[in-house]
Amino acid sequence: MDKIRTRFAPSPTGFLHVGGLRTALYNYLFAKKNNGDFILRIEDTDQNRLVEGAIENLISTLHWAGIEYDEGPNKIGAYGPYIQSQRLKIYKTHAEKLIENENAYYCFCSHERLGQIRAKQIELHLPPSYDRLCRQLSKDQVDEKLKNNEPHVIRMKIPLSGEILIEDIVRGKVSFVNKILDDQVILKSDGFPTYHLAVVVDDHLMEISHVIRGEEWLPSTPKHILLYNYFGWEIPKFAHLPLLLNADKSKLSKRQGDVAVEDYMKKGFLQESLNNFIALLGWHPSYDREIFSMEELKNEFTLERVGKSGAIFNVEKLIWLNQQHIRKLKNEKIFELLKTDFDKVRSNFSKEYILKTIELLKERVLHLTDFINNSTYFFEDPKNYSDEAVSKNWKPDSKELMKKLLIEYENLEDFSLLKIEDTLKQLSIKLNIKIGVLINPFRLLISGTNVGPSVFHIAELIGKQKVLSRMKFGLEKL
RNA sequence: GCGCCCAUCGUCUAACGGUUAGGACACAUCCCUUUCACGGAUGUAAUACGAGUUCGAUUCUCGUUGGGCGUACCA
């Protein structure tokens, strides 16, 4: 059996979309599972939609996601170049070959004429399609027009009858009758190919064995198969993936939430979490399990277990997965991931100190960014207290109690975890009150909030001086 | 309009034609606990509808309905 080769072929029109990430991921996982190659190819054949920096952005985002390609831009293999705008000659040659074999023809129709016939067809409730006027042109007529430099495109000839059968790995057999297919433009007047020509030519030349792409491509697949047949090439295996959806089941779009991988990156989601989540949107192993590392996904993934129905992108599960994956990370790794942020806002604290806060926060963090946003009390004295925290943790007798606790702590020489805890416990026994009655206001005073890790751990970490000064400050203010 | 695809708890999904239709997220209750989280237990909740095939249908067939995608010199 030939080597498995898959590709991800985005157009550089902006940022990497989570739907694109999933397509890339499935291609990557399938290739790696089968000891194959994964290729990145840039489909920049629409000159009007190019976005500057999009290619670099795509590459760096894929890199962040841990999806490494074996061949592609910046990683030249034997099948390059991997950017379609650098392969124009190849497409032209192939389009001309189709003309020679009479599988394609020059079309000189203007945009105006095309617009008119389309408008009329829509008005008459007919399927809009090219009326094949230029398909009838004689060789002489064509040569004449070509000689006069008349603007033209090349269209593929669709057989007037018959049908095309697609064997799709996820969808089974799907057939289309040729009659409803349009004579698609394959080479534009600017000399660039359209998607249809470019994919087929490149997938063949790059020896792609499996075309794994979004379901939106299913309807144009018969045209691609026709092209393979015209060229006399072997047809790759197809797998059309179900779409990712908004909450209202429409195709996932910007309007209804974040769709750029970068958005999730910025929000503090781990690469592992996003991959894990997205892998499960449309694929599931045969057993009950939700948490997977990239390595595990590589071992488990099969196209046979990809589902057919669209999946709503629901952030809640992603958040939960993120929490799970964060807890598996080493403290050092978390520090590394956040280093630039720590450098920015925590520059006067040592790595050792920050690692200790990470340890304390790790079990209760949802996003990576929480290590920074929900940890201010480790680094700064609280200046004011939220109403909610006060009403929950500060009772009428709290002030008196905290004054007593303050005295105890002032006299405590060995300010260690066990002693801090023991001192407070002893006081509660002495006063015959429940321990929580002391702990809650104490937490408020030293952290300014009513949530977080064990107060004793916080107290030990920030140290005796801070504890005392924060208590005094709070006692004055509250 | 036409073509194609799809249809199990709110969401992601599992289930050789035979299960009390399973798991996970979310939600609720309880336990653990100084708070929040974690962990544990329990609960609420689904086969879109209608026919047919079959001893038996979530599963196969047909229809209906609903949703989606496509229908470009965009990908």
Side-chain angles (χ1 to χ4, degrees), chain A residues 9-11 13 43-46 48-49 107 109 111 114-115 118 121-122 124-130 151-155 166 168 170-171 174-177 179-182 184-190 192-196 198-199 213-222 240 242-243 245 247-251 277 280-291 305 307-321 323-324 327 361-366 374 389 392-393 421 424-425 428 434-440 442-444 447 449-456:
Chain A
S11 29
T13 55
E43 311 223 323
D44 56 345
T45 55
D46 186 353
N48 301 317
R49 298 209 311 165
C107 171
C109 293
H111 281 99
L114 259 22
R118 180 161 299 120
Q121 285 161 337
I122 290 170
L124 297 172
H125 297 295
L126 292 166
S129 64
Y130 179 55
H152 60 271
V153 300
I154 295 179
R155 288 179 184 272
I166 300 170
D168 189 277
V170 340
R171 277 152 220 287
V174 182
S175 67
F176 292 82
V177 294
K179 212 165 62 182
I180 57 113
L181 264 29
D182 203 2
Q184 194 74 49
V185 171
I186 54 173
L187 201 76
K188 302 185 245 186
S189 52
D190 64 2
F192 279 74
T194 60
Y195 174 84
H196 308 287
V199 249
R213 65 199 346 176
E215 191 189 350
E216 68 267 28
W217 294 110
L218 191 55
S220 44
T221 305
H240 286 94
L243 260 21
L245 273 24
D248 69 356
K249 288 191 187 276
S250 57
K251 190 174 167 184
F277 175 62
L280 258 19
L281 251 30
W283 170 86
H284 203 276
S286 55
Y287 49 90
D288 287 329
R289 175 163 173 198
E290 312 288 328
I291 299 176
R305 291 198 64 85
K308 302 175 196 206
S309 47
I312 294 175
F313 190 97
N314 184 304
V315 197
E316 263 156 8
K317 194 156 190 173
L318 172 59
I319 293 174
W320 175 76
L321 279 168
Q323 182 179 198
Q324 300 297 318
R327 293 175 60 202
L361 257 10
K362 199 165 149 184
E363 293 273 312
R364 59 203 81 225
V365 139
L366 261 31
N374 297 349
K392 255 186 142 173
N393 285 20
E421 184 167 0
L424 186 141
K425 276 185 181 160
S428 80
K434 278 200 279 186
I435 190 165
V437 176
L438 289 173
I439 285 177
N440 289 334
F442 181 46
R443 170 186 297 283
L444 181 69
S447 76
T449 82
N450 59 330
V451 297
S454 148
V455 262
F456 306 116

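The structure displayed is predicted, hence computed values, not measured ones. Proteins get letters first, then strands, A, B, ... in listed order; numbering begins at 1 in each.
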- Query: Among B:A7, B:A72, B:C36, which nucleotide sits nearest the side chain of A:R364?
  - Reply: B:C36
- Query: Sequence neighbours excluded, which residues qualify as ring-ring contact (aromatic ring centres under 6.0 Å, His included) partners of A:H152?
  - Reply: A:Y106, A:F108
- Message: So, OP1 or OP2 of B:C38: does either fall under 4.0 Å of a side-chain N or O from A:K362?
- Response: no
- Can you tell which of B:C73, B:G3, B:G39 lies closest to the side chain of A:I180? B:G3
- Query: For the side chain of A:R118, counting heavy atoms from C-beta on, which of B:G1, B:A72, B:C25 is nearest?
  - Reply: B:A72
- Query: Taking OP1 and OP2 of B:A72, is either one under 4.0 Å from a side-chain nitrogen or oxygen of A:Q184?
  - Reply: no
- Message: Both A:I312 and A:V451 contact RNA chain B. Which one's nearest nucleotide lies toward the 5' end?
- Response: A:I312
- Item | Which nucleotide in B:U34, B:G70, B:A26 has an atom nearest any side-chain atom of A:N440 | B:U34
- From the options B:C5, B:G3, B:U34, select the nucleotide whose nearest atom is closest to the side chain of A:F176. B:G3
- Item | Closest listed nucleotide, where the reference is the side chain of A:R171 and the choices are B:C25, B:C4, B:C6 | B:C6
- Query: Which nucleotide sits closest to the side chain of A:K249: B:C69, B:C74, B:U11?
  - Reply: B:U11
- Query: In terms of side-chain heavy atoms of A:F456, which of B:U34, B:G67, B:A75 is nearest?
  - Reply: B:U34
- Query: Whom does B:U20 pair with, Watson-Crick or G-U wobble, provided both distances fall under 3.5 Å?
  - Reply: none
- What's the spacing between A:S11 OG and A:Y195 OH if we round to 0.5 Å? 9.0 Å
- Remember a base hit wins even if backbone is also touched, and classify A:S175 as base, sugar-phosphate or nothing at under 4.0 Å, heavy atoms. sugar-phosphate
- Query: What does A:G282 touch in the nucleic acid at a heavy-atom separation under 4.0 angstrom: a base, only the sugar-phosphate, or nothing?
  - Reply: sugar-phosphate
- Query: Just to confirm, is there a sub-4.0 Å distance from OP1 or OP2 of B:A75 to any side-chain nitrogen or oxygen of A:K188?
  - Reply: yes
- Message: Considering every strand and a 4.0 Å limit on heavy-atom distances, what is the contact class for A:R305: base, sugar-phosphate, or nothing?
- Response: sugar-phosphate
- Item | Closest nucleotide among B:U34, B:C73, B:C12 to the A:A311 side chain | B:C12
